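Every number for a ligand or one of its atoms is a count from 1 in the order of the listing. Here, residue 1 is the first one in the sequence, and each next residue gets the next number. Just so it is clear, the structure is predicted and the values come from calculations on it, not from any experiment.
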Amino acid sequence: MPTVYGVALSPFVRKVRVALAEKRVAYDLDPVVPVNVSPEYRKISPLGKVPAFRDGDKTLADSSVILAYLERIHPNPPLYPSDPYDYARALWFEEYADGGLVTIIGPKIFFPKVVAPRFFNQKTDEAMVQKAFEEELPPMLDYLESELAPGAATLVGRQFTVGDIGVASQFVNLFLAGFGVDARRWPKLAAYLSAVHERPSFRSSIAEERAMLGV
Ligand SMILES: N[C@@H](CCC(=O)N[C@@H](CS)C(=O)NCC(=O)O)C(=O)O
C-alpha cells in the first residue's frame, strides 16, 4: 500500500488524499509535521515539506508532482482533461491555489487563527487576519467568481480536475479557520465550493479534520 507523508490539515496533503480517494486507492497516512524534519524524511522530501509519497521503493515530494504521478499509475477517473487547453487551464487553477490563494489563507488566516494558538501557544494577530480576509482575499475570490459558469460544480468544463482539488482544498483551511465565502457577493463560488466539498473524497477529509480540531 502507498504511504502519504504529512499532517492532514495541510492543504497540499489534502490534495493528495482527495486525489487518492477519487481514484479509490487505499493508502497509509504518516502524519509528518514539517518542523525540524528528520534527515531520513529529508531524503524523501529534500525541501523538508509535506506532502511526500512512497510507492514501494519509489518516493516523491510535492503535491502537484504526486498528483501527476498518480494520474499515470491510476488513470481512472482522469483528473486532467485530455483537451490541451482544458488541460492547461486545470493546471492554471491548481497553480492559482498552490501559488496564490495559499499565500493569504495559509500564513495570514489559517496559521494565526488555528495553528499558532493551538500548537504553538501563540496569540492570534487579529488585525492581520481581518486585513487578509477583508482586503487581500476578496480580489482573489472575484477572479474565481468571474471564471465560474452559473451553476458550475467544476472550474474547467464539466470535468472534476486537479484545478478543483487545489482550489477547493485551500478553502477547507479558510472554513476550518472559521471564515466563509459570502454567497451574496460570490454566489457562484459559494455554490461551487459547497458542491465540491460535498464530494465523498472531500467530505471524509473534512470530517476527519474537523474532528481533529473539534470544530
Ligand atoms: N509546493 C508544495 C508546497 C508544500 C508546502 O508548502 N507544505 C507546507 C505545509 S502546508 C510545508 O511543508 N511547510 C514547511 C516548510 O515550508 O518548511 C506542494 O505542493 O506540495
Side-chain angles (χ1 to χ4, degrees), residues 2-23 25 27-55 58-73 79-80 88 90-120 122 124 128-129 132 136-137 140 155 161-177 179 196 201-202 205-206 208-210 212-213 215:
T3 302
V4 176
Y5 298 90
V7 279
L9 295 169
S10 156
F12 301 104
V13 172
R14 191 179 305 112
K15 280 176 64 189
V16 175
R17 299 184 75 197
V18 166
L20 286 163
E22 289 284 337
K23 290 176 178 293
V25 178
Y27 62 92
D28 290 319
L29 182 70
D30 181 342
V32 172
V33 176
V35 178
N36 297 325
V37 295
S38 67
E40 289 73 42
Y41 183 70
R42 238 172 227 286
K43 284 186 196 150
I44 308 175
S45 179
L47 298 176
K49 298 185 187 211
V50 296
F53 188 71
R54 179 184 295 282
D55 187 13
K58 302 180 187 72
T59 61
L60 291 168
D62 190 282
S63 64
S64 302
V65 170
I66 298 165
L67 263 53
Y69 171 76
L70 289 175
E71 185 77 359
R72 294 293 178 101
I73 301 288
L79 295 174
Y80 296 77
L91 294 184
W92 158 243
F93 285 114
E94 185 183 23
E95 174 55 22
Y96 188 76
D98 293 5
L101 290 170
V102 72
T103 64
I104 300 169
I105 295 174
K108 297 183 180 177
I109 298 178
F110 185 74
F111 188 89
K113 268 311 238 196
V114 177
V115 180
R118 280 169 190 265
F119 303 111
F120 294 99
Q122 287 169 5
T124 301
M128 177 181 74
V129 173
E136 297 174 45
L137 195 55
M140 302 213 69
L155 281 160
T161 71
V162 293
D164 299 303
I165 295 179
V167 167
S169 188
Q170 292 297 332
F171 281 93
V172 173
N173 288 81
L174 182 72
F175 295 172
L176 288 174
F179 292 89
V196 176
S201 55
F202 264 99
S205 284
I206 293 170
E208 185 186 316
E209 294 174 44
R210 282 199 182 285
M212 274 172 74
L213 295 174
V215 295

(request) Answer yes or no: is there an ion pair linking Asp98 with Lys15, defined by an N-O contact shorter than 4.0 Å? (result) yes
(message) Would the distance check show the side chain of Thr103 and the main-chain N or O of Gly100 forming a donor-acceptor pair, the cut-off being under 3.5 Å?
(response) yes
(message) Just to verify, what does Val65 make a side-chain contact (heavy atoms from CB on, under 4.5 Å) with, not counting sequence neighbours?
(response) Leu60, Asp62
Close N/O pairs between ligand 1 and protein, under 3.5 Å:
from: ligand 1; atom 1: 1 (N); to: Asp62; atom 2: OD2; distance (Å): 2.9
from: ligand 1; atom 1: 7 (N); to: Val50; atom 2: O; distance (Å): 2.9
from: ligand 1; atom 1: 12 (O); to: Val50; atom 2: N; distance (Å): 2.9
from: ligand 1; atom 1: 19 (O); to: Ser63; atom 2: N; distance (Å): 3.3
from: ligand 1; atom 1: 19 (O); to: Ser63; atom 2: OG; distance (Å): 2.6
from: ligand 1; atom 1: 20 (O); to: Ser63; atom 2: N; distance (Å): 2.8

(request) Tell me, please, which residues at least two apart from Glu208 pass side-chain hydrogen bond (donor to acceptor under 3.5 Å, both in side chains). (result) Arg17
(request) Check each of Val4, Thr3, Val7 against Asp30 using the side chain to side chain contact (heavy atoms under 4.5 Å, CB included) test, and report the only one that passes. (result) Thr3
(message) Test of understanding: with side-chain hydrogen bond (donor to acceptor under 3.5 Å, both in side chains), list the residues that count as partners of Lys108, not counting sequence neighbours.
(response) Glu136
